[in-house]
Amino acid sequence: MQASVMGFNPDYSEEAPAFEDLQALDGSAVLEFGTPWCGHCQASRTAVESVLKARPDLFHIKIFDGKGKRLGRQFGVKLWPTLILLKDGQEVDRIVRFTSPDEVMALLARQC
């Protein structure tokens, strides 16, 4: 799947996966919406990186979001960064404008 890697993904992808492809995922994945120029996204990068580097078992799908970007609208993203935890293609929970690794770890702790 485009835009995804196991563990931490450092790069935003302009090419988002299809909503249907995400719904068909097996297992857990972290979907991240933001932009490289967003100050909030830059502030959260260390938190995401420190947690996901220790979780090479998770897909990290990092999407460049913005006006005219359909996937972010399908997930109801309004603020960046937004991290969404998916389990078997379904949203389990999300966090928005987070800054600490503890917030990211708490999100991942909610895996079903």
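Source: prediction; values computed, not measured.
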**Asked** Residues two or more places apart in sequence or in another chain: which of them pass ring-ring contact (aromatic ring centres under 6.0 Å, His included) with Phe8?
**Response** His60

**Prompt:** Going from CG on Asp57 to OG on Ser28, what distance comes out if it is rounded to the nearest 0.5 angstrom?
**Reply:** 8.0 Å

Would you list the atom pairs, donor with acceptor, under 3.5 Å between side chains in residues 75-84 and any protein atom, with sequence neighbours excluded?
{"residue": "Trp80", "atom": "NE1", "partner": "Asp65", "partner atom": "OD2", "Å": "2.9"}
{"residue": "Thr82", "atom": "OG1", "partner": "Leu79", "partner atom": "O", "Å": "2.5"}

**Prompt:** How close do Val51 and Pro101 get, heavy atom to heavy atom, and via which atoms?
**Reply:** CG2-O, 3.6 Å

**Prompt:** What do the steps show when you test Val104 against Ile95 for side chain to side chain contact (heavy atoms under 4.5 Å, CB included), and what is the final call?
**Reply:** CA-CA 8 Å; Val104 178; Ile95 55 175; 4.2 Å; yes

**Asked** In Å, rounded to the nearest 0.5 Å, how long is the span from CZ of Phe19 to CD of Gln74?
**Response** 5.5 Å

**Pairs where residues 90-101 contributes a residue and the test salt bridge (charged side-chain N to carboxylate O under 4.0 Å, His left out) is met, not counting sequence neighbours** = Glu91-Arg94, Asp93-Arg110

**Message:** Using the side chain to side chain contact (heavy atoms under 4.5 Å, CB included) criterion, which residues pair with Glu14? Sequence neighbours excluded.
**Reply:** Phe64, Lys69

**Prompt:** Between Leu25 and Asp88, is any pair of side-chain heavy atoms under 4.5 Å apart?
**Reply:** no

**Request:** Check side chain to side chain contact (heavy atoms under 4.5 Å, CB included) between Ser100 and all other residues, then give those that pass, not counting sequence neighbours.
**Result:** Asp102, Glu103

**Item:** Heavy-atom donor-acceptor pair, Thr35 side chain to Cys38 backbone, under 3.5 Å
**Value:** yes

**Request:** Check whether any side-chain N or O of Gln23 sits under 3.5 Å from a backbone N or O of Gln90 as a donor-acceptor pair, and report yes or no.
**Result:** no

**Fill in**
Contacts of Asp26 meeting salt bridge (charged side-chain N to carboxylate O under 4.0 Å, His left out) (sequence neighbours excluded), chain-then-number -> none

**Message:** A side-chain contact here means heavy atoms from C-beta on lying under 4.5 Å apart; do Val30 and Ile61 qualify?
**Reply:** no

**Request:** Take Phe98 and Val48, measure what side chain to side chain contact (heavy atoms under 4.5 Å, CB included) needs, and give me the verdict at the end.
**Result:** CA-CA 9 Å; Phe98 54 92; Val48 176; 3.4 Å; yes

**Residue pair Tyr12 / Cys41: nearest heavy atoms and the distance that separates them** = OH-CB, 3.4 Å

**Message:** In this structure, would Val96 and Leu86 fall into the same cluster of hydrophobic residues linked by side-chain contacts under 4.5 Å?
**Reply:** no

**Asked** Rounded to the nearest 0.5 Å, how far does CG of Leu52 lie from CG of Asn9?
**Response** 9.5 Å

**Item:** Check: Arg45 side chain, Pro10 main-chain N or O, donor-acceptor pair, under 3.5 Å
**Value:** yes

**Asked** Can you find a pair of side-chain heavy atoms, one from Phe33 and one from Leu71, that are under 4.5 Å apart?
**Response** yes

**Message:** Pro56: which residues meet the side chain to side chain contact (heavy atoms under 4.5 Å, CB included) condition with it, sequence neighbours left out?
**Reply:** none

**Request:** Apply the test side chain to side chain contact (heavy atoms under 4.5 Å, CB included) to residues Lys62 and Asp11: give CA-CA distance (whole Å), side-chain angles for both, the deciding distance (0.1 Å), then the verdict.
**Result:** CA-CA 7 Å; Lys62 194 167 181 174; Asp11 301 313; 5.9 Å; no

